[in-house]
Amino acid sequence: MILHIGDKKISSWSMRAWLALKAAGAVFEEREHVFLDDREEQRRQWGKFSPTAQVPVLIDGETCVWDSLAICLYLDERFPEVWADDAAARAWSYSAAAEMHAGFTVLRSRCPFHTDKAETVSPDGALSAELSRLDTLWQEGLHRFGGGFLAGGRFTAVDAFYAPVVLRLHCYGLTEKMSAQAQAYIGRILADGYVREWCGK
């Protein structure tokens, strides 16, 4: 398998697919691509391996899977452990991952993804509302499935989806806005070996 990703310092969607593959124990070749200022040239170059000229893209033999959520769902066919074992936890994980995939637009806009510390952001009403929803969602998963991660006792695809969010909260000084339970979860994600590897630590 080959996973095409963008620059690790700024490509949050690539990080999600990469972490899911790592957590599943999949053997894959990583190909990192630099974002270009000339977007037309970037689309031309990336269009050679990506139907949308975007990343991430997983190439598995003759199969091409693009989009981070699609990649995580595809991996389930060969690596069931990429998602939680418990059926209820898996169902919750699909919904939580989809919510991240389509939502939290204010957080993503106000706090562009990167892996280094940034200037602290002071939440306004819209961002505070998203942080509140995020906290509620995380507490639900941590409480319902009784582990240190969102769907139980081990890192799964739903954690891969929220790992870039954890980095956003950490880098922009927003961790203290979360509950104690959410802060403990943030600490576990930041200490995860694969997350640290992605960040070059």
Worksheet item: Does E41 have any salt bridge (charged side-chain N to carboxylate O under 4.0 Å, His left out) partners at least two apart in sequence or in another chain, and if so, which?
Response: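 With neighbours one apart ignored, the set is R44.
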Item to complete: Apply salt bridge (charged side-chain N to carboxylate O under 4.0 Å, His left out) to D124 and list each qualifying residue two or more places apart in sequence or on a separate chain.
Response: R110
Within a strict 4.5 Å, meaning less than it, do heavy atoms of the [X] and [Y] side chains meet?
X	Y	answer
M15	V195	yes
E99	R133	yes
V57	W46	no
M178	L169	yes
K22	W198	no
P51	C64	yes
L3	R31	no
R16	P164	yes

Fill in: Candidate list F155, Y162, W138, test ring pair (Phe, Tyr, Trp, His ring centres under 6.0 Å), partner Y185, passing option
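Of F155, Y162, W138, ring pair (Phe, Tyr, Trp, His ring centres under 6.0 Å) with Y185 is met by W138 alone.
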Discussion item. Let's go through Y94 and D76 carefully: what are the C-alpha distance in whole Å and the side-chain angles of both, what is the deciding distance for side-chain contact (heavy atoms from CB on, under 4.5 Å) to 0.1 Å, and is it a yes or a no?
Written reply: CA-CA 12 Å; Y94 296 152; D76 186 48; 4.2 Å; yes
To the closest 0.5 Å, what do you measure between [atom1] ([X]) and [atom2] ([Y])?
X	Y	atom1	atom2	value
F149	R188	CZ	CZ	6.5 Å
S132	L137	OG	CG	11.0 Å
L19	D192	CG	CG	7.0 Å
L58	S68	CG	OG	12.0 Å
L75	F28	CG	CZ	9.5 Å

Discussion item. For the CD atom on E29, are there more than 12 heavy atoms of other groups (residues, nucleotides or ligands in this structure) within a distance under 6.0 Å?
Written reply: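 Buried by this count: over 12 neighbours within 6.0 Å.
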For [X], side-chain contact (heavy atoms from CB on, under 4.5 Å) partners two or more places apart:
X	value
K177	P123, L131, L174
R108	W13, M100, T105, R168
L190	V166, L167, H170, I186
T156	A151, R154, V158, D159

Practice prompt. Verify the distance criterion only: is there a donor paired with an acceptor across the side chains of W18 and E30 at less than 3.5 Å?
Written response: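 Yes.
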Worksheet item: Are the side chain of Q42 and the backbone of L36 linked by a donor-acceptor contact shorter than 3.5 Å?
Response: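 Confirmed, Q42 side chain pairs with L36 backbone.
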Worksheet item: Would L73 and I71 satisfy side-chain contact (heavy atoms from CB on, under 4.5 Å), going step by step from the backbone distance to the final call?
Response: CA-CA 5 Å; L73 294 173; I71 290 170; over 6 Å; no
Worksheet item: Would a line drawn from the ring center of H114 to the ring center of Y172 be shorter than 6.0 Å?
Response: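 Yes, the ring centres sit under 6.0 Å apart.
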Discussion item. Quick one, T115 with K8, criterion side-chain contact (heavy atoms from CB on, under 4.5 Å). Give me CA distance, side-chain angles, the key distance, then yes/no.
Written reply: CA-CA 8 Å; T115 58; K8 286 183 175 179; over 6 Å; no
Closest approach of [X] and [Y], non-hydrogen atoms and distance?
X	Y	answer
G147	L142	O-CD2, 3.7 Å
D67	L69	OD2-N, 2.9 Å
M1	V27	CE-O, 3.9 Å
P80	R90	O-NH1, 3.3 Å
F35	I10	CD1-CD1, 3.5 Å
G173	T120	O-CG2, 4.1 Å

Worksheet entry | ring-ring contact (aromatic ring centres under 6.0 Å, His included) partners of F104, counting only residues at least two apart | none
Among residues at least two apart in sequence or on other chains, which ones pass side chain to side chain donor-acceptor pair (under 3.5 Å) with [X]?
X	result
S179	D135, Q139
W83	none
S11	S14
R78	D60

Worksheet item: With sequence neighbours left out, which residue pairs that include part of residues 60-79 fulfil the ring-ring contact (aromatic ring centres under 6.0 Å, His included) condition?
Response: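 Those involving residues 60-79 do not exist here.
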Item to complete: Look at the side-chain heavy atoms of Ile, Leu, Val, Met, Phe, Trp and Tyr, link any pair under 4.5 Å apart, and say whether L107 and F113 land in one connected group.
Response: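 In one cluster: yes.
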Practice prompt. Could you state whether V82 and F145 fall into the same hydrophobic cluster, counting links through intermediate Ile, Leu, Val, Met, Phe, Trp or Tyr residues with side-chain heavy atoms under 4.5 angstrom apart?
Written response: yes
Item to complete: Might you work through the side-chain contact (heavy atoms from CB on, under 4.5 Å) test for S93 and F161, ending with a clear yes or no?
Response: CA-CA 10 Å; S93 296; F161 259 77; over 6 Å; no
